[in-house]
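On a predicted model such as this, the values are computed, not experimentally measured, just so you know. We count residues from 1, following the sequence as given.
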Amino acid sequence: MVPSQLQGLAHWFQSLKQRERRLIGFTLCVLVPAVLLLAWVEPMLASRRVLHERLDRLERERGRMQALAQEWRSLDQQLPQANRQDLESRILASLKARADLDGVSVKVLDQGSVLLEAAAVPRMPFMAWLVEVRRETQTQWSEFRIERAAQSDRLKIRIRFVEAAGRT
């Protein structure tokens with residue numbers, strides 16, 4: 001069916017005058033690239049423009065973040081050391097607030113890091129405390145080991161706390 005339609009179209013095209021055939025050929029030569037341009041190239045250019053705008057916005061945000069980080073560092077350096085609690089006292093205060101966490105030993109190690117060790121600490125209260133202590137004391141872990149103790153609801157822990165990055 002398609003070949004018969006193409007033959008009909010070819011017969012119709014041959015029946016046109018030479019001038020009309022040239023005009024139709026010229027129109028097709030202009031329309032095909034125009035359609036390709038509108039359907040393919042223009043969306044790519046629009047996408048490129050959107051990506052450049054996003055990149056500009058991200059660079060502005062990066063500049064703001066760097067300025068805030070510098071401001072934070074300068075404020076952190078201005079804060080007198082005497083007003084800061086040391087890491088050990090912050091962790092001990094957090095442990096003291098939780099009466100259900102007994103048997104935890106706290107040791108101060110080199111460079112002000114604090115080591116927590118316990119052979120059998122209750123699992124659920126410890127996990128709740130662990131979430132709170134990171135937020136309250138603004139610390140990080142440099143060593144973190146939790147194992148199941150002999151009792152199923154108890155944990156054996158060894159966690160080394162250090163000051164959060166950026167703090168002195």
A128 and R98 have their tightest heavy-atom pair at CB-NH1, 3.9 Å
Mind checking whether M44 and V41 sit in one hydrophobic cluster, side chains of I, L, V, M, F, W, Y counted as touching below 4.5 Å?
yes
Group every Ile, Leu, Val, Met, Phe, Trp and Tyr by side-chain heavy-atom contacts under 4.5 Å, then state whether V32 and L37 land in the same group.
no
With rounding to the nearest 0.5 Å, note down the distance linking CD1 in I91 to NZ in K96.
13.5 Å
Say whether V106 and F161 are linked into one hydrophobic cluster, either directly or through other cluster members, by side-chain heavy-atom distances under 4.5 angstrom.
yes
Do R60 and R64 make a side-chain contact, defined as non-hydrogen atoms from C-beta onward lying under 4.5 Å apart?
yes
Among V162, L130, L116, find the residue that satisfies the side chain to side chain contact (heavy atoms under 4.5 Å, CB included) test when tested with W141.
L130
Quick one: do L115 and R158 satisfy side chain to side chain contact (heavy atoms under 4.5 Å, CB included)? Show the steps, please.
CA-CA 7 Å; L115 180 68; R158 179 180 172 90; 3.6 Å; yes
Can you list every ring-ring contact (aromatic ring centres under 6.0 Å, His included) pair that touches residues 110-129, not counting sequence neighbours?
F126-W129
How would you list, by chain and number, every residue that makes a side-chain contact (heavy atoms from CB on, under 4.5 Å) with Q14, sequence neighbours excluded?
R21
V131 with F144, same ILVMFWY side-chain cluster at under 4.5 Å
no
Lys/Arg N to Asp/Glu carboxylate O, E61 vs R57, below 4.0 Å
yes
The reported gap from CZ in R22 to CG in L16 (rounded to nearest 0.5 angstrom) is 13.5 Å
Answer yes or no: is there a donor N or O on one side and an acceptor on the other, between the side chain of S47 and the main chain of P43, under 3.5 Å?
no
To check you understand the geometry: which heavy-atom pair defines the closest contact between V121 and A118, and what is its length?
CB-CB, 4.2 Å
Answer yes or no: does atom CE of M65 have more than 12 heavy-atom neighbours from other residues, nucleotides or ligands under 6.0 Å?
no
Looking only at atom types and distance, does a side-chain atom of R134 sit under 3.5 Å from a main-chain N or O of T139, one as donor and one as acceptor?
yes
Membership question, hydrophobic clusters at under 4.5 Å side-chain separation (ILVMFWY): are M127 and V133 in the same one?
yes
Just by modelled atom types, is the W12 backbone N or O under 3.5 Å from a matching donor or acceptor in the S15 side chain?
yes
For P125 and D100, the nearest pair of non-hydrogen atoms, with its separation, is CB-OD2, 3.0 Å
Of the non-hydrogen atoms in R154 and A120, which two are nearest, and what is the gap between them?
NH1-O, 3.6 Å
CG (L155) and CE (M124) are apart, to the nearest 0.5 Å, by 10.0 Å
